[in-house]
**Q** 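Got a structure here, written out as structure tokens. Questions coming.
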Amino acid sequence: MGHPEQTSFYDKVYAMVRQIPRGRVTTYGAIAAHLGSKQSSRMVGWAMNHSHKADPSLPAHRVVNRQGMLTGKHHFGSPTMMQQLLENEGVRVADDRVVNFREVFWQPRGTAS
DNA sequence: GGTGTGACCAGCT
DNA sequence: AAGCTGGCCACAC
């Protein structure tokens with residue numbers, strides 16, 4: 001147990017994002033809290049900034065902020081790509097915000113490692 | 001090895 | 001009610 005994990009913080013976030021079921025969304029804070037530091041939600045967002053380098057591509061469009069707003073939509077190919085991806089999965093988006101966010105919200109479960 | 005940065009969150013004014 | 005500030009930690013230069 002005391003051995004440091006060689007898995008980068010990014011990989012932890014990526015693994016968490018991959019566990020998000022299709023048609024569901026989660027928040028940066030939820031992932032950060034699951035990783036141990038609820039206040040490190042910025043780290044999650046920053047890790048997502050490099051998510052484009054992850055292979056295969058991560059469902060980054062399933063990660064939104066606490067308010068359910070598509071804050072990272074600007075980091076996609078198109079400013080509307082994130083919304084289209086969500087709507088393609090059945091998640092309705094209006095005014096850059098997820099409709100019924102509390103219903104489609106998915107909380108990470110299982111192991112945080 | 002210090003400094004800066006970041007797709008956030010919560011609290012204060 | 002809405003806007004601003006600080007804090008938080010990992011990673012690149």
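We name chains A, B, ... by the order of the sequence lines, and we start the count at 1 in each one. Quick caveat, the model's predicted, so the values are computed rather than measured.
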**Q** Expressed in angstrom and rounded to an integer, what is the separation of A:Ile31 atom CD1 from B:dA7 atom C1'?
**A**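 The distance from CD1 of A:Ile31 to C1' of B:dA7 comes to 11 Å, rounded to the nearest Å.
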
**Q** Please check if atom NE2 in A:His50 has more than 12 non-hydrogen atoms from other residues, nucleotides or ligands closer than 6.0 Å.
**A**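 Yes - once you tally the heavy atoms of other residues, nucleotides and ligands closer than 6.0 Å, there are more than 12.
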
**Q** When the ring planes of A:Tyr10 and A:Tyr14 are compared, do they come out parallel, tilted or perpendicular, using 30° and 60° as the limits?
**A**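 Rings of A:Tyr10 and A:Tyr14: parallel, as their planes differ by under 30°.
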
**Q** Rounding to an integer number of Å, can you tell me how far A:Leu70 CG sits from B:dC8 C1'?
**A**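 From A:Leu70 CG to B:dC8 C1': 15 Å.
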
**Q** Describe the nucleic acid contact of A:Ala47 in one word from base, sugar-phosphate, nothing, applying a heavy-atom distance below 4.0 Å.
**A**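 Contact class for A:Ala47: none.
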
**Q** Could you check whether any side-chain N or O of A:Arg66 sits under 3.5 Å from a backbone N or O of A:Ala30, counting only pairs where one atom can act as donor and the other as acceptor?
**A**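 No, because the side chain of A:Arg66 does not come within donor-acceptor range (under 3.5 Å) of the backbone of A:Ala30.
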
**Q** Quick check: does any side chain N or O of A:Ser41 sit under 3.5 Å from a backbone N or O of A:Ala32, one acting as donor and the other as acceptor?
**A**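 Flag not set: sc A:Ser41 to bb A:Ala32 has no pair under 3.5 Å.
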
**Q** Specify the separation, in whole Å, of atom CG of A:Leu85 and atom P of B:dA7.
**A**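 From A:Leu85 CG to B:dA7 P: 19 Å.
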
**Q** Using every non-hydrogen atom in the two residues, find where A:Asn65 and A:Phe101 come nearest and quote the distance to one decimal.
**A**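 Heavy atoms only, the tightest pair is O-CZ, 4.0 Å.
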
**Q** Between side-chain atoms of residues 88-95 of chain A and protein atoms elsewhere (two or more places apart, or another chain), which donor-acceptor pairs fall under 3.5 Å?
**A**
unit_1  : atom_1 : unit_2  : atom_2 : d
A:Glu89 : OE1    : A:Gly23 : N      : 3.2
A:Glu89 : OE1    : A:Arg62 : NE     : 3.0
A:Glu89 : OE2    : A:His61 : NE2    : 2.9
A:Glu89 : OE2    : A:Arg62 : NE     : 3.1
A:Glu89 : OE2    : A:Arg62 : NH2    : 2.7

**Q** Which letter, B, S or -, goes with each nucleotide of nucleotides 7-13 of chain C from 5' to 3', with contact meaning a protein heavy atom under 4.0 Å?
**A** BBBBB--

**Q** Rounded to whole Å, please give me the gap between CD in A:Gln67 and C1' in B:dA10.
**A**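 After rounding, the reported distance stands at 11 Å.
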
**Q** In this structure, how many angstroms lie between the P atom of B:dC8 and the NZ atom of A:Lys73, rounded?
**A**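 So the two atoms are 13 Å apart, to the nearest Å.
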
**Q** Can you tell me the distance, in whole Å, between the CD atom of A:Gln83 and the C1' atom of B:dA7?
**A**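 For the pair A:Gln83 CD and B:dA7 C1', the rounded distance is 16 Å.
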
**Q** Scan A:Asn65 against the nucleic acid and name what it touches under 4.0 Å (heavy atoms): base, sugar-phosphate only, or nothing.
**A**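 Counting heavy atoms under 4.0 Å across all strands, the contact made by A:Asn65 is with sugar-phosphate only.
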
